[in-house]
Q: 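Could you have a look at this structure, given as structure tokens, before my questions?
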2 protein chains.
Amino acid sequence: MTASRTARERVRAELIREITDIARRQLATDGAGGLSLRAVAREMGMVSSAIYRYFPSRDDLLTTLIIDGYNAIGEAVERAEAACPRDDFAGRWLTACHALRDWAVAHPHEYALLYGSPVPGYHAPQDTIAARVRDVTVLGGIISDAWRAGAMRAPAIEPPAELEGEAAGVREHVPGVPDGVVWQAVAAWTALYGWLSFEVFGQFNGTIEDRRAAFDHSMRLTAATMGLAQ
Amino acid sequence: MTASRTARERVRAELIREITDIARRQLATDGAGGLSLRAVAREMGMVSSAIYRYFPSRDDLLTTLIIDGYNAIGEAVERAEAACPRDDFAGRWLTACHALRDWAVAHPHEYALLYGSPVPGYHAPQDTIAARVRDVTVLGGIISDAWRAGAMRAPAIEPPAELEGEAAGVREHVPGVPDGVVWQAVAAWTALYGWLSFEVFGQFNGTIEDRRAAFDHSMRLTAATMGLAQ
DNA sequence: CATTCGTCAAGAGCGGTGCTCTCGTTTCTT
DNA sequence: AAGAAACGAGAGCACCGCTCTTGACGAATG
């Protein structure tokens with residue numbers, strides 16, 4: 001409350017920021033497995049135990065990096081999509097896809113931390129879920145808008161009875177559409193991230209070279225499947 | 001060549017097999033990050049340095065586990081698909097998809113090792129590529145067969161000029177089809193693995209519960225997109 | 001002003017890891 | 001039988017996450 005307390009808090013916040021910055025740099029170069037608290041401390045001129053004043057464990061440091069990553073990816077796609085004409089649904093979809101891919105290709109290790117194999121003993125705390133849905137909210141919003149504008153084709157097949165009610169958890173991100181469209185959106189979502197994971201994790205190495213063009217075409221195929229109008 | 005030499009070689013082969021078995025069990029329970037050469041040695045009653053007589057490094061042990069994994073997944077999908085009527089293309093597609101998913105759900109850590117974030121010492125040797133394409137050969141074969149039987153719809157959009165020749169690396173797995181169909185197959189392939197990765201890596205936790213049914217519907221959507229006939 | 005009290009960096013240490021090297025012993029080859 | 005190759009054991013190196021204790025500093029309180 002007082003100025004002195006705020007001063008101490010400020011230097012603490014600054015140190016936390018510095019730790020996460022260095023950690024993020026190490027993550028970018030060495031990957032999540034290579035992130036070492038001792039190396040971070042060394043780079044800061046501190047002793048390793050001092051880090052534990054600011055992060056109770058390595059997993060907690062990873063958690064803040066994960067949240068930051070989700071926010072970065074969410075902000076990238078939000079910003080890119082917001083610049084599109086609202087009624088160009090295919091354009092909004094493609095722009096969002098490319099924003100996502102650009103970020104993923106530029107930050108492969110961070111992408112792997114977010115969407116790759118979960119780290120061994122790591123359980124995502126609740127704090128992450130708010131940040132992790134920003135991209136799917138954007139993607140779902142495009143499909144929702146397109147459907148409600150009548151600028152989208154009805155899905156080729158309807159979901160079976162056993163999926164009754166299963167769409168509830170997803171619908172909040174793609175509101176105002178029938179179940180079939182929700183599942184269509186899920187399919188598009190998984191196709192998008194399936195490509196990104198394949199590309200970032202190197203599954204295309206040696207087989208597909210112009211990955212940006214191939215990705216663009218693949219996402220156009222997905223848009224065409226949904227009948228997204230321009 | 002002689003019997004005595006074969007005897008020594010045989011015990012060596014047996015030890016290698018035992019090491020990989022224990023390692024695979026540890027991989028299944030603790031994940032790739034938790035796989036420890038020392039723990040394997042401990043469980044075998046050996047000292048850790050003795051392991052290095054059989055595997056020059058931890059990465060080499062992981063590599064054989066990766067190859068085994070690709071072969072296991074390839075064999076599972078090959079066997080399941082081979083049991084389908086040859087002219088039921090949608091059935092073959094769905095069967096292959098479910099075989100893949102069943103294996104992935106049953107072996108999440110192994111799946112993560114194959115299709116998740118690459119491990120730190122991550123350069124996959126050439127030995128893996130022969131095993132890693134068995135599943136895509138099956139999937140590509142279905143699409144190729146369907147196309148040549150006239151039991152498949154032409155893709156909604158054609159690939160752009162810049163993708164000319166880019167399909168070459170993929171076409172060997174889906175022979176005898178035009179470029180547009182190759183890219184359609186790639187899209188289906190990425191959609192399939194995108195779903196599996198999302199499910200295995202826990203992205204559906206809390207939102208989609210009946211994942212088998214949802215997966216089934218999603219793969220039926222993909223089949224419908226390709227117009228696979230039954 | 002002096003004294004408590006909380007925060008902090010530092011250091012030592014524990015148990016774990018991958019990996020290397022050496023040293024006898026065993027086993028195969030010649 | 002002699003030499004060569006393979007082998008298991010052990011010690012050791014450098015690293016890791018994490019814990020605990022110690023001493024210094026600064027802010028709030030008497």
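Computed from heavy atoms alone, side chains included, the values below leave out hydrogens, waters and symmetry copies. Below, chains carry the letters A, B, ... as their sequence lines are ordered, and counting in each starts from 1.
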Q: We want to know whether B:R211 and B:N205 form a side-chain donor-acceptor pair, criterion being a heavy-atom distance below 3.5 angstrom.
A: yes

Q: Looking at the side chain of B:R12, which of D:dA9, D:dC7, C:dC19 is the nearest nucleotide?
A: D:dC7

Q: Among B:R10, B:R17, B:R12, exactly one meets side-chain hydrogen bond (donor to acceptor under 3.5 Å, both in side chains) together with B:E14. Which residue is that?
A: B:R17

Q: Check the distance between C:dC8's P and A:E14's CD and give it to me in whole angstrom.
A: 14 Å

Q: Considering residues, nucleotides and ligands other than B:R79, do more than 12 of their heavy atoms fall under 6.0 Å from its CZ?
A: no

Q: Which comes earlier along DNA chain D counting from the 5' end, the contact point of A:S36 or that of A:P56, where each point is its nearest nucleotide?
A: A:S36

Q: Consider the side chain of A:L37, meaning its heavy atoms from C-beta on, and name the nucleotide among D:dC18, D:dA6, C:dA10 that approaches it most closely.
A: D:dC18

Q: What integer distance in Å separates B:R8:CZ from D:dA6:P?
A: 7 Å

Q: Where each residue is assigned the nucleotide of DNA chain D containing its nearest heavy atom, which of A:R42 and A:S49 is assigned the position nearer the 5′ end?
A: A:R42

Q: Let me know the distance between CE of A:M46 and C1' of D:dG17, rounded to the nearest Å.
A: 16 Å

Q: Give one of base, sugar-phosphate or nothing for A:R58, where a contact means two heavy atoms less than 4.0 Å apart.
A: sugar-phosphate

Q: Taking for each residue the nucleotide of DNA chain C with the nearest heavy atom, is it B:L35 or A:A50 whose nucleotide lies nearer the 5' end?
A: A:A50

Q: Which is true for A:Y54 with a 4.0 Å heavy-atom rule: it touches a base, it touches only sugar-phosphate, or it touches nothing?
A: sugar-phosphate

Q: For a 4.5 angstrom cut-off between non-hydrogen side-chain atoms, does B:V136 reach B:V133?
A: yes

Q: Is B:R38 side chain donor-acceptor paired with the C:dG16 base, going by distance under 3.5 Å alone?
A: no

Q: How many whole angstroms separate atom CE of B:M44 from atom C1' of D:dA9?
A: 15 Å

Q: Taking the six-membered ring of A:F215, is NZ or CZ of A:R101 closer than 6.0 Å to its centre and within 45° of its axis?
A: yes

Q: For A:Y52 and C:dA10, what is the distance between atoms OH and C1' respectively, to the nearest whole Å?
A: 15 Å

Q: Starting from C1' on D:dC7, measure out to CG on B:L15 and report it in whole angstrom.
A: 10 Å

Q: Does a side chain donor of either B:S197 or B:Y111 reach within less than 3.5 Å of an acceptor in the other side chain?
A: yes

Q: What's B:L61 touching, base or sugar-phosphate or nothing? Going by heavy atoms closer than 4.0 Å.
A: nothing

Q: Across the strands shown, which category fits B:R53 at heavy-atom distances under 4.0 angstrom: base, sugar-phosphate, nothing?
A: base

Q: Have a look at A:I51 and say if it touches a base, only the backbone sugar-phosphate, or nothing, with a 4.0 Å heavy-atom cut-off.
A: nothing

Q: Report the nucleotide, chosen from C:dG18, C:dT17, C:dA10, that has the shortest atom-to-atom distance to any side-chain atom of B:A39.
A: C:dT17

Q: OP1 or OP2 of D:dG17 versus the side-chain N and O atoms of A:S48: is any pair under 4.0 Å?
A: no

Q: Specify the separation, in whole Å, of atom CD of B:E43 and atom P of C:dT17.
A: 13 Å

Q: Whole Å only: how far is the CZ atom of B:R10 from the C1' atom of D:dC7?
A: 19 Å

